[in-house]
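Here is the naming used below: chain letters follow the sequence lines, and residue numbers restart at 1 for every chain.
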Number of protein chains: 2
Amino acid sequence: MTKLSDVARMAGVSPATASRALNGVSTVDPALARRVLEAATSLDYRPNGVARNLRRRRTDVWALLIADVSNPFFTAVARGVEDIAQANGYSVLLCNTDEDAAKEAQYLAVAELEQVAGVLLSPSAPGCGAARLVRSGIPVVSVDRPSPDAVDAVLVDSRGAAGAAARHLLEEGWGRVACVTGPEGVATAEERLRGYRDAVGAPSADGSLVRRAPFTVEGGRSAAASLLDSDEPPDALLVANSLMALGVLRALADHGLRMGADVGLVAFDDAPWSTLVEPAVTVVAQPAYELGTRAAQLLLERVRGEATDVPARTVVLDARLLVRGSSRRPAGVDARTCQSTSISSTPGADGRDVDVRSR
Amino acid sequence: MTKLSDVARMAGVSPATASRALNGVSTVDPALARRVLEAATSLDYRPNGVARNLRRRRTDVWALLIADVSNPFFTAVARGVEDIAQANGYSVLLCNTDEDAAKEAQYLAVAELEQVAGVLLSPSAPGCGAARLVRSGIPVVSVDRPSPDAVDAVLVDSRGAAGAAARHLLEEGWGRVACVTGPEGVATAEERLRGYRDAVGAPSADGSLVRRAPFTVEGGRSAAASLLDSDEPPDALLVANSLMALGVLRALADHGLRMGADVGLVAFDDAPWSTLVEPAVTVVAQPAYELGTRAAQLLLERVRGEATDVPARTVVLDARLLVRGSSRRPAGVDARTCQSTSISSTPGADGRDVDVRSR
DNA sequence: TTGTACGCGTTATCAA
DNA sequence: TTGATAACGCGTACAA
């Protein structure tokens with residue numbers, strides 16, 4: 001492995017000058033610089049980033065902790081993060097926590113060990129161990145789910161969106177609206193359940209119409225099956241995630257029920273297949289990619305030191321309710337008519353508006 | 001930042017002993033080891049991984065270069081890789097190349113700079129610059145797409161699977177079978193086209209029935225639209241990827257055509273929505289997750305030095321043709337009947353068989 | 001403008 | 001079994 005001192009020797013200069021030349025420091029004599037560059041080329045010199053990182057006392061790596069890249073929502077978030085990172089010279093470590101606090105803690109330990117420049121975190125539970133990172137100078141930005149420890153946060157108004165969705169189902173005339181949400185303790189799962197309860201009213205929203213399950217296809221399937229097999233089955237479902245929605249559709253098919261006709265449906269996340277099924281699925285579209293880019297931009301300011309002393313920032317993005325066939329109640333007319341309307345969960349906003357609040 | 005020497009001083013030992021104690025070296029006196037551990041705890045000591053990496057001359061990081069995490073196929077691959085990595089103490093850097101040679105080269109440079117322990121690569125073109133990594137001692141395993149530079153490779157028999165799929169369409173009685181494949185130069189795109197040509201015969205497989213497009217929804221949509229708008233439109237389509245398939249379905253709808261009835265369809269990748277549309281989509285199911293885990297296992301052996309001097313290995317996994325409604329030709333009977341059969345692309349294999357060959 | 005010398009924090013070597 | 005010492009490869013005060 002050829003190192004900097006080799007290049008320096010060949011160019012007939014000191015390692016210091018070689019270092020400066022290769023890093024484009026302007027004070028170095030052009031002639032020398034050229035000699036150094038040539039030596040580096042002919043020796044096929046590759047700088048050692050690890051040594052540089054040690055010396056510089058920083059790295060150009062971020063850690064991204066999400067529940068699961070297989071979840072299309074997080075895939076989009078990850079892509080957004082990666083795009084911003086790459087455009088600014090950072091690399092990102094992908095960490096799947098599977099909503100597991102132990103895995104999460106382990107990844108945070110790795111992030112600290114590897115001295116990453118910053119962390120983007122979608123915590124599985126409120127009390128994750130991100131505080132120590134922040135204390136040791138590593139900025140942490142939370143994505144999708146809030147963290148008391150995070151410096152900044154980029155969130156979606158899950159509660160408002162879930163409320164609007166449930167209200168929409170009620171207004172369409174569905175009688176018993178149930179809710180299939182994520183695991184207990186997961187912020188977005190709780191918020192969506194809360195929004196649902198806002199709409200249906202606490203008394204009627206007793207346990208019999210609520211199911212918690214993992215944010216997976218199988219989670220959705222079994223939750224829906226359990227609801228449909230109960231004594232008083234619902235006639236409409238609010239589903240907290242697109243993977244779950246796939247399972248719900250399977251459960252409906254297993255029970256011989258047609259969505260939109262027998263059972264109303266609204267699901268979170270605008271999956272690409274949601275307009276290909278019949279009828280199309282009414283969804284709460286979340287700006288997942290933008291969630292990633294915005295969080296990355298906030299982190300960028302922090303790691304660059306541009307936002308030191310800036311108080312914690314929280315960006316709340318709006319979700320949009322896209323009304324399609326699955327939530328429309330069949331009247332006399334054909335229930336399979338498919339209309340698409342955009343309704344913002346925040347009155348007056350057009351769905352692309354962004355709230356930026358300090359906390 | 002408290003460092004090792006601080007711990008050593010507090011424990012009244014040398015840094016060397018402190019290091020040994022913290023790393024669980026057995027030769028250290030239990031009493032001393034305990035003192036070190038206590039000191040480390042009370043000082044809240046966190047080792048500096050960067051310094052350790054420099055001294056050890058190795059890191060515990062892999063780089064994973066894929067076209068795009070947003071592509072569900074690669075998402076599954078990434079998840080497979082990450083699971084194996086995490087279980088063995090490695091972290092993975094996620095790199096989206098977008099089939100862009102420049103981006104790919106840049107990421108490979110980062111991988112070398114950061115001295116990653118190994119690279120998992122799905123090259124966009126045959127001649128990528130992975131050779132230099134291998135020369136400098138970094139093992140590279142190619143995933144999904146072969147690379148002349150890679151040490152090992154884990155692939156799928158795309159050509160055989162595409163051939164079987166096209167043959168299936170012909171046997172069902174579709175007259176003009178077209179092919180929508182990926183960008184020129186991308187190995188899997190070429191292999192699938194080749195398999196298609198194997199089946200339909202080179203003469204009839206002239207350009208008029210072949211379209212190349214990006215592996216995206218929009219790529220599939222416009223390719224299908226172009227085919228359907230041509231003078232002699234096809235009556236069946238072989239589509240090389242599930243994102244493209246979504247676009248193709250959209251194009252069919254735009255043209256007022258029903259798959260399975262007006263147009264036969266087989267698509268690569270068994271997306272979760274493929275059984276939810278009507279009729280269900282016949283697919284070539286690729287073992288994407290397993291592709292990731294297998295590649296990771298091969299890399300693991302290399303980075304551990306267990307497979308030094310072992311010649312390059314190529315693992316070829318089988319894809320399975322899952323026959324469903326979209327490829328069945330409507331006869332007198334209802335074309336929407338949905339059957340699901342499993343046919344291996346390799347005669348005699350059950351679809352889970354694996355060929356391991358040396359090259 | 002260039003060179004010398006040191007330090008980043010850890011681990012491996014070697015002698016005791 | 002322990003400790004002193006020397007790297008690992010680079011960047012950067014400081015002095016020249």
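Neither side chain, Asn96(B) nor Tyr107(B), offers a donor N or O lying under 3.5 Å from an acceptor on the other.
Here the C1' atom of nucleotide dG9(C) and the CZ atom of Arg58(A) are 18 Å apart, to the nearest Å. Rounded to whole angstrom, the span from the NZ atom of Lys3(B) across to the C1' atom of dC8(C) amounts to 8 Å. Atom CZ of Arg9(A) is separated from atom P of dC10(D) by 12 Å (rounded to the nearest Å). Atom pair Asn53(A):CG and dG11(D):P shows a separation of 10 Å (rounding to whole Å applied). Following rounding to the nearest Å, Gln115(A) (CD) and dC8(C) (C1') show an atom-to-atom distance of 11 Å. Distance, Leu54(B) CG to dG11(D) C1': 13 Å, rounded to whole Å. The separation between Met1(A) atom CE and dC10(D) atom C1' is 15 Å, rounded to whole Å. Straight-line distance from the CG atom of Leu113(B) to the P atom of dC10(D): 10 Å, rounded to whole Å.
Distances shorter than 4.0 Å separate some side-chain N or O of Thr17(A) from OP1 or OP2 on dG3(C).
Residue whose closest nucleotide on DNA chain D sits further toward the 5' end, between Val13(B) and Asn48(A): Val13(B). When each of Arg57(A) and Leu32(A) is assigned the nucleotide of DNA chain C with its nearest heavy atom, Leu32(A) is the one assigned upstream, toward the 5' end.
In this structure, the side chain of Arg145(A) engages the main chain of Pro123(A) through a donor-acceptor pair within 3.5 Å. Here the side chain of Ser19(A) pairs no donor or acceptor atom with the backbone of Pro15(A) at under 3.5 angstrom.
Ionic pairing of Arg34(A) and Asp29(A) is not present here: no N-O contact between side-chain nitrogen and carboxylate oxygen is shorter than 4.0 angstrom. Comment: Arg9(B) engages Asp6(B) in a salt bridge, judged by a side-chain N to carboxylate O separation of less than 4.0 angstrom. Under 4.0 Å is where a charged nitrogen must lie from a carboxylate oxygen, and between Arg135(A) and Asp149(A) no such pair does.
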Using distance only, find each side-chain donor-acceptor pair of residues 109-121 of chain A under 3.5 Å and give its atom names and separation, not counting sequence neighbours.
residue: Glu112(A); atom: OE1; partner: Arg132(A); partner atom: NE; Å: 3.0
residue: Glu112(A); atom: OE2; partner: Arg132(A); partner atom: NE; Å: 3.4
residue: Glu114(A); atom: OE1; partner: Asn53(B); partner atom: ND2; Å: 3.3

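Distances from the side chain of Val28(B) to the nucleotides dC8(C), dT10(C), dT2(D) place dT2(D) closest.
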Where do N or O atoms of nucleotides 11-15 of chain C meet protein N or O atoms at under 3.5 Å, pair by pair?
residue: dT11(C); atom: OP1; partner: Asn23(B); partner atom: ND2; Å: 3.3
residue: dT11(C); atom: OP1; partner: Arg52(B); partner atom: NE; Å: 3.1
residue: dT11(C); atom: OP2; partner: Ser19(B); partner atom: OG; Å: 2.8
residue: dT11(C); atom: O2; partner: Arg55(B); partner atom: NH1; Å: 2.7
residue: dA12(C); atom: O4'; partner: Arg55(B); partner atom: NH2; Å: 3.1

